[in-house]
There are 6 protein chains.
Amino acid sequence: MLTDSDVERWLREDVGHHDVTNQVPGETTGRLVAKESGTVAGLDAARAVFSYLDCAVESSANRGDRIEPGDVVLRVEGPARAVLRGERVAVNVVGHASGIATTTAAAVRQAERVTDDVRIAGTRKTTPGLRGVEKRAVVAGGGDTHRLDLSHMVMVKDNHVAEMGLEGAIDHFSERASFATKLDVEVETVEAAPRAAAAGADIVLLDNMTPTETERAVELVAETDGETRTEASGGITAGDVADYAATGVDIISMGSLTHSAPTLDLSFRTGAP
Amino acid sequence: MLTDSDVERWLREDVGHHDVTNQVPGETTGRLVAKESGTVAGLDAARAVFSYLDCAVESSANRGDRIEPGDVVLRVEGPARAVLRGERVAVNVVGHASGIATTTAAAVRQAERVTDDVRIAGTRKTTPGLRGVEKRAVVAGGGDTHRLDLSHMVMVKDNHVAEMGLEGAIDHFSERASFATKLDVEVETVEAAPRAAAAGADIVLLDNMTPTETERAVELVAETDGETRTEASGGITAGDVADYAATGVDIISMGSLTHSAPTLDLSFRTGAP
Amino acid sequence: MLTDSDVERWLREDVGHHDVTNQVPGETTGRLVAKESGTVAGLDAARAVFSYLDCAVESSANRGDRIEPGDVVLRVEGPARAVLRGERVAVNVVGHASGIATTTAAAVRQAERVTDDVRIAGTRKTTPGLRGVEKRAVVAGGGDTHRLDLSHMVMVKDNHVAEMGLEGAIDHFSERASFATKLDVEVETVEAAPRAAAAGADIVLLDNMTPTETERAVELVAETDGETRTEASGGITAGDVADYAATGVDIISMGSLTHSAPTLDLSFRTGAP
Amino acid sequence: MLTDSDVERWLREDVGHHDVTNQVPGETTGRLVAKESGTVAGLDAARAVFSYLDCAVESSANRGDRIEPGDVVLRVEGPARAVLRGERVAVNVVGHASGIATTTAAAVRQAERVTDDVRIAGTRKTTPGLRGVEKRAVVAGGGDTHRLDLSHMVMVKDNHVAEMGLEGAIDHFSERASFATKLDVEVETVEAAPRAAAAGADIVLLDNMTPTETERAVELVAETDGETRTEASGGITAGDVADYAATGVDIISMGSLTHSAPTLDLSFRTGAP
Amino acid sequence: MLTDSDVERWLREDVGHHDVTNQVPGETTGRLVAKESGTVAGLDAARAVFSYLDCAVESSANRGDRIEPGDVVLRVEGPARAVLRGERVAVNVVGHASGIATTTAAAVRQAERVTDDVRIAGTRKTTPGLRGVEKRAVVAGGGDTHRLDLSHMVMVKDNHVAEMGLEGAIDHFSERASFATKLDVEVETVEAAPRAAAAGADIVLLDNMTPTETERAVELVAETDGETRTEASGGITAGDVADYAATGVDIISMGSLTHSAPTLDLSFRTGAP
Amino acid sequence: MLTDSDVERWLREDVGHHDVTNQVPGETTGRLVAKESGTVAGLDAARAVFSYLDCAVESSANRGDRIEPGDVVLRVEGPARAVLRGERVAVNVVGHASGIATTTAAAVRQAERVTDDVRIAGTRKTTPGLRGVEKRAVVAGGGDTHRLDLSHMVMVKDNHVAEMGLEGAIDHFSERASFATKLDVEVETVEAAPRAAAAGADIVLLDNMTPTETERAVELVAETDGETRTEASGGITAGDVADYAATGVDIISMGSLTHSAPTLDLSFRTGAP
């Protein structure tokens, strides 16, 4: 959840102690306008920025909308000083979130050429301080948040397996995790995948496997259990996401959706349109 | 300045209310290791993360160092639970900052092929909440922070000029700005550049000009005044930074250094090396 | 995750601007001692309080331990002023959390007389500001956290069903929820329970049913699907938890674990034991 | 004083990063309704929650009102998403505060059967983070806040007396405390009570005495000084509060008012009544 | 109570995003040294500043000590960067608090020429954000904090009296205030003073009276009641504090102690002494 | 930038947990009125205080206006409870800021008797937590903020010069500072002044020099370079500011503007005028 404190911190870091350029009297209007095509996200955050500054603000696009150059996504009205003060922060956060949404949407499109049955998911590789904004941007792009924080879903990792064995680790965490929490179990080999499924994994994460290995692991998991989902992860890029989508895997998770998405270019225009 | 509150917020958003996976007894060690080549930054932030968690932490690289795959950049020692808890946040912030440093260093190298007399600078197009981390990462990559916040330097923009005229706007802000504050004046035409210099600009920002226009504007400014610096800005990319560097301009500012730099890939390894 | 800011707020509200009674020179020791039997929790929070005050602190009991009058659960050493300053807050938080753990443990024991196959779970009915402390206290008492926040698990409620129909609501949220998130579907009638299971609920919450109704619903759910769990909820007390446990239901959730647990009585003793 | 930061923290801990269930378009209304009889408190906190979320909110009961099942205590109007988001936190805080008010009112009624001249007071045994909310709830129930924090009133405790003697400790703190601050002196024996009064105590706290001892101490204090008040404290419960009230003591303080009061049951209903 | 958040805010506002001057390697020492005579205060705040920065710090003076030019009041040791970073904030806070202590001590000395039986007290006219620091500085100078905040003591003001009458207002607040809270009743005329005492005021504040009026009011109050204290307030300065002290009044409160005290001059010296 | 968090902290510290005096029903109005002549500042902060409390508020003076006794500078309307709650904090912050503005304006007037070409500037010797409020108050009084924080302008100090030599230190920081940042170089002798100018100082700070020395240094700097400004600093008071102004120096910086300015006396009146 985005809070007033977050917005306050963003504005404070951008304004400093004494800004002489924005001391403009009177009222003005402003429009946040796309300069390139993409998928829009982060509008809630921009609205919160201008609300904090006591401006009236209205979205003219919805999260996840495809936008084209010239499209207005947000309209603002208020004291000129406030509108100007929020401008840069609003552009930065919408550009950042929309960049993630656009990158996600591109990966989703790649996958959809092959199948409708795979989800493109983010990871915990988000920018510090922006977990929620970025996760919601992934959703805006048609993706899946994956786990939101360490408490949302248990991931059984290689170091757990090294210490307790695969079945031991799954038992250990099944007992300790709430009934409300899923178990995602990371396996390094094709052979381990059906074992994890049989031992109670809700999801089996196929780590750093080739598409061929992934396909085989998916088949083996399917044989043991109709309920366990499979996830491909580990350095998957826009270039090979379709290959993984073709394996029948349920989820493809990509850190690059959040940690390496370029911004979407927008500008903020004040005064009469 | 990075504060304990920043670190606390980063950790809190990643951990949530009840994480069962990191409840590991005993002490452990950890190492932050490069997986690809680049320029390292953000180590102070990672140190602050582990210090907040009461771990001993030591950098084994300096801000701005060139690192290669396998290089250890940070060593940590402390309660296993604390080390594991800080891991993801530390990787995220160092990856993010190093990505910016690496992107900056690449732009600097492009420019240096042509001249040693140009500075590659960031902008205010930073990720909300990370202004300081990102500005210092630009410095780590050999770049210049540009203005840190609205109060650091006055930028006279096209809307000011539209309202008060070029000389009028410069006078207006010269009077209102502290003697401690520089004036950076944005011009849209080659002809306006020497006028801005003559009127008292400390820096003339040549906005969205071609390399040819930039070169001419730089010459005109040099003729009027030996002190005024020139800055090229507006959609300059790694592809044409060298062209701008060749114009004799003093500063090239690039929003892409902070808003579109992909992460640098690092991993965190626990236990004996 | 408990943060320094939380501890700071607790201390600040208890100390005020100028406390003349704790201005004691020198060092001292302190012990947190049980005055009645129960299950201990909240020790991490008490440790954090004294760490914030730069005291050395050591737990002499583990979360979830059964304690008896006279048992020492925490030992502290540091400046007398700091030890005295932390005392009341530490007693308050450990007493509060241990009260919840003790209440939970009693409910678990009631259920265990009947079966080992039921989980006693908390709810979102926690004290504002203490979500994590209270959820972890439920775990200390042998209970299950249930969902930690609105983002942890989706609960399909009667108002969703009223609007979209049972199957419609389940479809709606299955599509929107992450693969990492479970669906808990609330039903008001026995007949609706197997429909919810068939439509894809991970858990079916049997709301305000009698034990007899609960038993029947559990049977019907079991017939449709071997995977769907059942949860009894709605005003269940220590008095009838065993009756619900006997129905074969998987989870019994009780708001009273957190919103109505009396404190566990402890005292803080300073100086030599 | 309850702040926006408090409310923000309560909402943030309940919502998490991505809640799909409350993404409801349009406006709605809500009513906070009593499900059992009691004394209402915490309405200001609930109002603050909905105000933070930009809902219109109106109390339909006053702090300290006796309420019956079905009584509406708060009405809310606003975006459906905001109303739903505030619901659980509002119920939790009003239930918690009203539980304290109801418990206090019951103790007050017990005492009033015997006398109108005794005050039932809380202690510093409050839930961390909720000092103000709980103290004001005690007042809503007809009780007395007792000291609000360590700086509000000086309490001379047994360890001070052990170190400096009774008269010595009273002198010590009379000198150091502001003229604005009262002195409450804790005594362990009947004999010490009049000595404390004579030495300058504003209040003499009769610690862990039986009603008979308390009565005797009250008489002895009355003989020495017409101004000094007496306070009974130490494990007094609803069961014996009347016995203490009958002793003529001025104040009876009870930790259980805040640390062990069960919640008052309320529900939140949305849509047309 | 001074918190880490306070210190963090002070440092953050002084450092900004990128300070190149304090990037000094190695360790250093520092000493906070008096440049003029006065009474020292604020050392706890300075210690907290350097502790936040992980420096070792030791006071070499106590709160309230008289210091002379050249006296060292604080010694620091730590990373050069940290020591330099804390320097200005530490000087500012100790100078500010010591200025208040010194001003207070001067007023106390003026009063002591006439009598030992009057207290010189501060008011709520403190610098926003520094209530505790300033109140403790008044104490360091030998003064009395007066009420710390609105909840510490009830002040019955002229607008209350206008609305409810003098006795009515005193009754109104006696009933509503805790037994732990004193009543300070402001009167505008000599005649009203004994009425306020008779009606139950703990303190009668003689507002804006001349010394002669004050003396008469003090006498009248003494006649009615041996317990009620008297307070002179309203624009009393160092120049006439002795005149008021001679009236027999118990307390003289002066806003100028906190709102108009000049700083005490100190410097911070690094490196070997 | 002043934030809601700042205002919240100011109010919280003044109100405490339970204030019985301001529990007044109904609406009221209030006016902030000058009681002495001076220059007004801090109105934005007072507006923010009342806005936080949901009152309507309107300034009836502008920052920097000269005000006379009886002048209304702010009008407020809202719930009586809220208006009364904000009163003391508003008076404190406006009094403090206006005291600084008035002190600054007096120094400016002293200087203007001699020349129009000097700026009277503040320093970093501000009250912790109020950097922005105080810097803007200096501006309101006709002064110059000087550097806002360590990151705004680089000051080369004697310890830098001791370590690296004058020219060495200037080179060192010219290289490390952004092009957006000025260099202010402190010199202890007249002879060093032109050397600093020649080496690239934007401003030469003439530290603790007499007016005669200052005049000579100003001349020498002027000879070497037409661009370098000069600054006089070090214990300059209202008494000798005109002497320094007469030297031709460009800037006179005075710590006393912020660290020793007495408050400006204002009162807050509620109800009909």
Side-chain angles (χ1 to χ4, degrees), chain A residues 1-9 41-45 47-48 50-59 62-64 97 100-101 104 119 121-124 126-153 178 180-181 258, chain D residues 1-28 30 44-57 76-94 128-133 268 270:
Chain A
M1 179 194 175
L2 191 72
T3 62
D4 285 358
S5 296
D6 291 311
V7 167
E8 178 178 306
R9 193 168 47 247
L43 292 175
D44 281 5
R47 291 172 65 106
F50 287 111
S51 292
Y52 183 91
L53 294 163
D54 293 322
C55 297
V57 54
E58 207 183 333
S59 301
N62 290 114
R63 189 171 68 175
I100 289 170
T104 303
R119 289 189 179 209
T123 65
R124 278 199 303 129
T126 58
T127 313
L130 294 176
R131 177 64 55 87
V133 168
E134 296 189 350
K135 288 289 189 182
R136 294 189 293 272
V138 166
V139 172
D144 185 303
T145 59
H146 209 290
R147 69 169 168 169
L148 298 165
D149 57 32
L150 288 167
S151 303
H152 182 206
M153 178 166 67
S178 169
T181 307
T258 50
Chain D
M1 182 196 171
L2 191 72
T3 61
D4 285 358
S5 295
D6 292 311
V7 167
E8 179 177 306
R9 193 168 46 247
W10 300 347
L11 287 166
R12 193 184 59 209
E13 76 173 9
D14 188 48
V15 172
H17 295 309
H18 182 55
D19 162 33
V20 299
T21 54
N22 288 345
Q23 293 175 358
V24 181
E27 300 276 311
T28 195
D44 281 5
R47 290 171 66 104
V49 167
F50 287 112
S51 291
Y52 184 91
L53 293 163
D54 293 322
C55 298
V57 55
V76 183
E77 190 167 351
R81 182 176 182 162
V83 172
L84 293 169
R85 186 162 271 191
E87 164 183 351
R88 171 53 39 212
V89 171
V91 172
N92 286 352
V93 75
V94 175
L130 294 176
R131 176 64 55 86
V133 168
F268 193 87
T270 50

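So that the names make sense, note that chain A is the first sequence line, chain B the second, and so on, each numbered from 1. Quick caveat, the model's predicted, so the values are computed rather than measured.
A:V139 touches chain D through its side chain: at least one heavy atom from C-beta onward sits under 4.5 Å away, while N, CA, C and O do not.
Heavy-atom neighbours of chain A within the stretch residues 2-12 of chain D, taken at a separation under 4.5 angstrom, comprise D:E8, D:L11, D:R12. Using non-hydrogen atoms only and a strict 4.5 Å limit, the part of residues 80-94 of chain D facing chain A consists of D:R81, D:R85. Of residues 18-28 of chain D, those residues lying under 4.5 Å from chain A by any heavy-atom pair are D:H18, D:Q23.
Applying side chain to side chain contact (heavy atoms under 4.5 Å, CB included) to A:R124 and the options A:L150, A:L148, A:T258 leaves one that passes, A:L150.
Here CZ of A:R131 is found 3.5 Å from OG1 of A:T126. Values are rounded to the nearest 0.5 Å. To the nearest 0.5 angstrom, D:H17 atom NE2 is 9.0 Å from A:R136 atom CZ.
Between the side chain of A:K135 and the backbone N or O of A:T123, at least one donor-acceptor pair lies under 3.5 Å. In this structure a side-chain-to-backbone donor-acceptor pair under 3.5 Å is missing from A:E134 to A:I100.
Inter-residue side-chain proximity for A:H146 and A:M153 is flagged as met; some heavy-atom pair is nearer than 4.5 Å.
Contact record, A:A140 with A:R63: CB-CG, 3.3 Å, taken as the closest heavy-atom pair. In this structure, D:V57 and D:S51 approach most closely via the heavy-atom pair CG1-OG, 3.9 Å.
The salt bridge (charged side-chain N to carboxylate O under 4.0 Å, His left out) check on A:R147 picks up nothing, with sequence neighbours excluded.
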